[in-house]
Amino acid sequence: MSRVSRLRRFVRVLTVLGSLALLLAAAGVAGLWLLHGQASMHTYRSPLRSQPQSTGHTTTPLARQVVLIIVDGLRDDAVASMPNLSSLRRQGASARALLRAPSLSQPAWTTIVTGAWPEINGAPLINVSEAELAPISVDTIFAAARRANLSTALAGGSWWERMVPRDLLDAVASVEGSGPAADRQATDAAIRFLRNFQPTFLLVHLGNVDSVAHDSGALSETCHEATLEADRQIGDIAAAMDLRNSVLMVCSDHGHIDRGGHGGPDPTVVTTPFVALGGPVIPGDCGTIAQVDIAPTIAAILGAPMPRLNQGNICFAILRCDDAKRAETQVELALQRQEFANLYLASIGRGSLSDTAEGDVTVALSSLEVRNLESAYRLASLAVERIDREVAQARSDRIRRERSLRLPVAAGFIGAPLALVALRGGRRGRWLFFSAAVTLLAYHALFALEDGVYSISGITGMRPFVEAIVRRTVAASALGGLLVLWRLARDHEGSALEVIQTSLAYSLLVVYLLGCQAAVVYWLNGFRFTWYVPDLGIAFWQVTALVQVLICAALSLVLPVILLLAGLAYQGMTVVARRLRAAGGS
């Protein structure tokens, strides 16, 4: 062997060792990122951890009682098959209530009773076990009712008793589980409360629809039967109420994708039903509201103070009230929003509200004091709109600034290897890049054939989720490996070291393309959850890419052996074919 040949062989050995080191490093980074990202999601805390003393005031009540029924997991399109709820919807007001991801029960329950989105309301972003549940850390409609000396009650799953402190409840019926028997017990307890002591605010939680949708799918006959049972229970509760002086509200915490599952931003998950009827409710379709609008609307009906961190608006379109009530309640909302905004802006390091926004609230309050009711309502509404814009802008500005700091890192990771392949890869390098791209396209084609959902709503459990990624990645890599083998055969490559080097180069390119996907997510969402909840639809791509990196790194150790064996088999078949042709010619 010449000196030049030995040098080339040495360089190839170094290249192989370097490729292995890069693949192991990529697997290590992917694993740490997955673990760290998951931990940061579990440990995420609202930027508003401390709670000031409430400055809210009571207003004139519109009804003596509000009963709120939460049907867990009920899709908006399921209401059409519910005779009782459909009838109530025709008699009262209805809307589609939109929520935000994570569209999971515990964050959504907390949103409904606080008027604050999951980013603010302090609930765990991922459902935790009942033993891990802590009391809601921010102000709730229960606490607001208490400050107004109103009575409260709760009937539903035992986890609610852990979320709402006992000292905020005059009565509680805690039931175990979330099956049909538990829903029946909660319904019977709610009717008993209504007949015995008439709580001013009563929350009833029915959980069976959600459980069945998870097990059988949202469109299954079993789920339809569970929905009809929930509908009968809603009818029983409505029959026990005096709707001339009370208000019944029915809503859902989230919907489901067709096959069952939620958590992501899927339309059937984040679009939920809302129905209200009773004395002060104006019948009609009100279009779309936000899930955060439920709590302040309940507070307005009961005359209770606004929950301290409320981010919603009062649904005046469904309420029959005079100018005085409308003005005083909207001014209270403006005062609450002013307090919230200053707390929030300070917590994210963005200063305080503008003098214009502060001035709008002051003038609205002055107008109310001199009984200029129309002006007070209009100025308070403008103040709320301005405050919400300033808060949203401050949040967006900080996110944009953080993204600009991450952009060079993400762009460098994507651009440098791509330029290297383009300039130095040669024909084989470009073919390997093509093979790696085909591998990823094949993965997504298999995902589509399996009716995959690009959302965390499709994750029914980590084990089946990871097993499905492994299965698709192995199948897609097999296709990519065949393309690599074809190229090696075309080039008549027989060197074992060259085959190993080519195989590892292909694996590195697959990992690089997956890394590009993760780099884009890093630019948009960052490395971990910090002061805000990033886009969870984008986060799904991050998780799948990182899991694929781990799998591809493991496959890179096996693929060279497979290619070598395939090469030997190909060479053997070639020799046999040549001899057969020679024998035939003689």
Side-chain angles (χ1 to χ4, degrees), residues 41-58 68 70 97 99-128 132-148 150 152 154 159-169 201 203 205 251 253 290-300 302 304-314 332-348 350 384 387-388 391-392 394-395 529-533:
M41 192 171 186
H42 279 286
T43 59
Y44 173 82
R45 295 292 179 269
S46 165
L48 295 178
R49 296 182 180 88
S50 59
Q51 292 293 300
Q53 292 297 313
S54 173
T55 57
H57 303 89
T58 59
L68 174 65
I70 302 175
L99 62 142
R100 294 180 182 175
S103 51
L104 297 168
S105 290
Q106 290 166 12
W109 296 340
T110 310
T111 295
I112 290 170
V113 298
T114 64
W117 292 117
E119 183 171 299
I120 299 296
N121 66 35
L125 296 181
I126 295 181
N127 290 345
V128 299
E132 296 176 276
L133 263 180
I136 297 173
S137 60
V138 306
D139 197 19
T140 67
I141 191 64
F142 292 98
R146 263 289 194 258
R147 292 197 297 276
L150 305 177
T152 62
L154 195 156
W159 44 83
W160 275 98
E161 194 174 9
R162 289 183 174 273
M163 294 171 60
V164 182
R166 188 67 178 80
D167 61 357
L168 296 179
L169 297 167
F201 176 61
L203 186 148
H205 178 260
C251 69
D253 52 352
Q291 194 174 65
V292 289
D293 296 340
I294 296 173
T297 302
I298 293 172
L302 295 178
M306 294 293 138
R308 196 170 295 137
L309 301 186
N310 165 58
Q311 295 174 276
N313 291 300
I314 302 163
E332 280 302 313
L333 181 67
L335 290 168
Q336 174 271 318
R337 195 69 110 254
Q338 178 187 39
E339 180 187 26
F340 160 76
N342 281 319
L343 287 168
Y344 178 76
L345 293 174
S347 74
I348 65 170
R350 306 301 291 180
V384 171
I387 291 169
D388 287 348
V391 167
R395 180 182 181 275
F529 286 48
T530 53
W531 60 275
Y532 74 105
V533 177

With rounding to the nearest 0.5 Å, note down the distance linking CG in D388 to CZ in F340. 8.0 Å

Are the side chain of E332 and the backbone N or O of P305 linked by a donor-acceptor pair below 3.5 Å? no

Can you give me the closest heavy-atom contact between I112 and C251, atom names plus distance? CD1-SG, 4.1 Å

One should read off an interatomic distance between Q336 CD and Q311 CD, to the nearest 0.5 angstrom, of 9.0 Å

Shortest non-hydrogen contact from V138 toward I120: CG1-O, 4.0 Å

Is a side-chain N or O of T58 found less than 3.5 angstrom from the main chain of A304, in a donor-acceptor match? no

What's the separation between atom CG in N127 and atom CD in Q106, rounded to the nearest 0.5 Å? 4.0 Å

With sequence neighbours excluded, residues passing side chain to side chain donor-acceptor pair (under 3.5 Å) with Q338: E358

Would you call N310 and L333 a side-chain contact if the rule is heavy atoms closer than 4.5 Å? yes

Tell me if a side-chain donor or acceptor on D293 pairs with a main-chain N or O of G312 at a distance below 3.5 Å. no

Grab the two heavy atoms, one from V384 and one from A334, that are nearest each other, plus how far apart they are. CG2-CA, 3.7 Å

To check you understand the geometry: which heavy-atom pair defines the closest contact between V533 and A101, and what is its length? CG1-O, 4.5 Å

Atom CZ in F201, atom CG in L302: separation rounded to 0.5 Å? 7.5 Å

Quick one, E339 and L335 - any side-chain contact, counting heavy atoms below 4.5 Å? no

In short, S105 meets D253 closest at the heavy-atom pair OG-OD2, 3.2 Å

Please give me the minimum heavy-atom distance between A123 and N121, naming the atom from each residue. N-OD1, 2.9 Å

May I have the step-by-step check of side chain to side chain contact (heavy atoms under 4.5 Å, CB included) for H42 and F529, ending in yes or no? CA-CA 9 Å; H42 279 286; F529 286 48; over 6 Å; no

CE (M163) and CG (L133) are apart, to the nearest 0.5 Å, by 6.5 Å

Could you tell me how the ring of W160 sits relative to the ring of H205: parallel (under 30°), tilted (30 to 60°) or perpendicular (over 60°)? tilted

Only counting residues at least two apart or in another chain, list the ones meeting side chain to side chain donor-acceptor pair (under 3.5 Å) with T140. none

Side-chain contact, heavy-atom cut-off 4.5 Å: L309 with D139? no

Flag side-chain contact, heavy atom, 4.5 Å: P296 against I141: no

Tell me every residue that passes side chain to side chain contact (heavy atoms under 4.5 Å, CB included) with R395, counting only those two or more places apart in sequence or in another chain. E119, Y344, I399, W531, Y532

Check: F142 and L154 side chains under 4.5 Å, non-hydrogen atoms: yes

Determine whether T110 and P118 make a side-chain contact, defined as any pair of heavy atoms from C-beta on separated by less than 4.5 Å. no

Is there side-chain contact between D167 and R146, with heavy atoms separated by less than 4.5 Å? no

Output the distance between atom OG1 (T297) and atom CG (L68), rounded to the nearest 0.5 Å. 11.0 Å

Answer yes or no: is there a donor N or O on one side and an acceptor on the other, between the side chain of R147 and the main chain of H57, under 3.5 Å? no

Steps toward side chain to side chain contact (heavy atoms under 4.5 Å, CB included) verdict (T114, I136): CA-CA 9 Å; T114 64; I136 297 173; 4.0 Å; yes

Taking the side chain as everything from C-beta on, heavy atoms only, tell me whether V164 gets closer than 4.5 Å to P135. no

